[in-house]
2 protein chains.
Amino acid sequence: MATDSSVQRQSGVALWRQIADRIRGAIANGEYDDTGRVPPEMALAARFGVNRHTVRSALAALAQEDIVRPIQGIGTMIVRKERLNFPISRRTRFIEGLGAQARETEGLLLQSREELASEDLLRRLELAEGSHVVRLETLRKADGRPVSRATAWFPVPWFAGIDEAYQRSGSITAAFKSLGLSDYTRVSTEVTATHADASDMKDLKLSAGAIVLVTRSLNADPGGKPVQFAISRFPADRVQFTIEN
Amino acid sequence: MATDSSVQRQSGVALWRQIADRIRGAIANGEYDDTGRVPPEMALAARFGVNRHTVRSALAALAQEDIVRPIQGIGTMIVRKERLNFPISRRTRFIEGLGAQARETEGLLLQSREELASEDLLRRLELAEGSHVVRLETLRKADGRPVSRATAWFPVPWFAGIDEAYQRSGSITAAFKSLGLSDYTRVSTEVTATHADASDMKDLKLSAGAIVLVTRSLNADPGGKPVQFAISRFPADRVQFTIEN
DNA sequence: TCTAAATGTCTATTGTTGTAGACAACCGTA
DNA sequence: TACGGTTGTCTACAACAATAGACATTTAGA
């Protein structure tokens, strides 16, 4: 608890959305685990100091996200509750990092293209002016739910064909291996957070106002030569990062 | 660019707030560095597909935050543009991490208390049942702007009096040193993101709908004994983290 | 000194958000 | 079967958000 449950009026964020975000967070924190359901609408209305109808708008939004399901006469049941944990270290691997947290993982290739490397990319991948890169747009799911949307760049000609290798295996690690790179390490990871944009909402199945964690990460081969730079976006209410030193 | 500039209607987040958040982000990304000012209201209105008055509401909110200042006849000038970078590593130090990014840093002690350690805290600090801890509530500023709000716990009797040591020096590192701990390392850091709550808005001077990055970090002495567990909250539009491995 | 471009102010209208109250429908249990 | 507690639906009204248009004011520059 310890949350003073006040909501902000006239802030440009509708009360029902603030309350929906609070309840979603409380579910993720396991605050209702003992009952398996959300408190009654009247109780929530009292707690947040709003009208019952406002709470209903919030719960309707959560039902739309398939997080709760209201049952007349009983209450509002919690359908799904998840917060995945991603370890970030020298040996960061997407699938291994999830470990036992998901029964099944999936990596989809949305798009791929070869393109001229931008200035920023040249610097990060330590490439010569005019170098080309392969860009992969990927979507990763755990147990059917999208958990990250990533754009990754790889130097060519070294990694030409990584798009097909990824499509076959659904894993960057496996794709690297099939192209002769048996090991790689995480060099650096930048973490920021921002509001979900239109494509986040579409790909990660988020609603407006949701938060995405954004990472910019660089991987290198054992000799230290950069092999991949990626910008990944994670739904903040379903994911957290852990940095072990 | 590459930002599809669409805004979401009927999402529970007012258009003026979405636009304010976008412009704040664009300023932080340096997109207007060449002119030092925001595009004219009519241009922004066209770009976001809204009425000029809606853009004015957004700019008024940013002016309220002291990020821009409108000047009649000229345009809307950018007053402040900041995104601080925090390195996270074994040797994470708040002030050193900021380095040259701020001319002046400040650490304020808001509150301190000795209390019984919670179950979670006992586990994280590896303490025996019934142990006590000192809790410090701190606020850190860089060049006068708040950049983090932290709650930190330290085992007693080892660190009894760390509140006064912190108040004198404004630095955890210095406070540790004055209590005989000359070195410590970061063991782990968890990162999540959430919406600003009422106390975030107050202490970090944020507006509703803003995003805070939340870290849960554990520090230990050179022998590996935990000396500090902290939950810190950073304004996401002014801060990013970098993990170097 | 005039003009173009920018922000400032005012009025009016429409759609969304939030409040308020009443009652229906449904469920488990006494 | 009756009751208390819960979600579902309806109407009405007030406050806020967004649009629309007109015109004033200020500034830089031709």
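Every chain is numbered from 1 and lettered A, B, ... according to where its sequence line falls, protein lines coming before strand lines.
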Length of the line joining B:L62:CG and C:dT7:C1', which is rounded to integer Å: 15 Å

Reference residue B:E137; test side-chain hydrogen bond (donor to acceptor under 3.5 Å, both in side chains); the match among B:R149, B:R113, B:Q111: B:R149

Residue-phosphate contact under 4.0 Å: A:S57 side-chain N/O, C:dT17 OP1/OP2: no

Mutual orientation of the aromatic rings belonging to A:W153 and A:F229 [parallel < 30°, tilted 30-60°, perpendicular > 60°]: parallel

Closest non-hydrogen atom pair, B:G107 against B:Y166: CA-OH, 3.5 Å

Interatomic distance, A:R37 CZ vs C:dC27 P [rounded to whole Å]: 13 Å

Short side-chain N/O contact from A:R52 to OP1 or OP2 of C:dA20, under 4.0 Å: no

Side-chain N or O of B:T76 closer than 4.0 Å to phosphate OP1/OP2 of C:dT7: yes

Nucleotide C:dA5, atom C1' - distance to CD1 of B:I71 in whole Å: 15 Å

Nearest-angstrom distance from the residue atom CE of B:M77 to C1' of C:dT7: 13 Å

B:R56 backbone acceptor or donor facing B:E41 side chain under 3.5 Å: no

Partners meeting side-chain hydrogen bond (donor to acceptor under 3.5 Å, both in side chains) with B:N85 (sequence neighbours left out): B:Q240, B:T242

Full working for salt bridge (Lys or Arg N to Asp or Glu O under 4.0 Å) between B:R238 and B:E65: CA-CA 12 Å; B:R238 301 206 286 267; B:E65 295 177 46; 5.7 Å; no

5′-ward residue of the pair A:I74/A:H53 relative to DNA chain D: A:I74

base_contact_polar (C:dA6 base, B:Q72 side chain, donor-acceptor, <3.5 Å): no

Earlier contact from the 5' end, DNA chain C, for A:N51 and B:R56: B:R56

Distance-minimising heavy-atom pair for B:L204 and B:R233: CD1-O, 3.8 Å

A:L15 CG - C:dT16 C1' separation (whole Å): 13 Å

Nucleotides bounding contact with chain B, strand DNA chain D, heavy-atom threshold 4.0 Å: D:dA17 to D:dA28

Touch class at under 4.0 angstrom, heavy-atom based, for A:L59 against every strand present: nothing

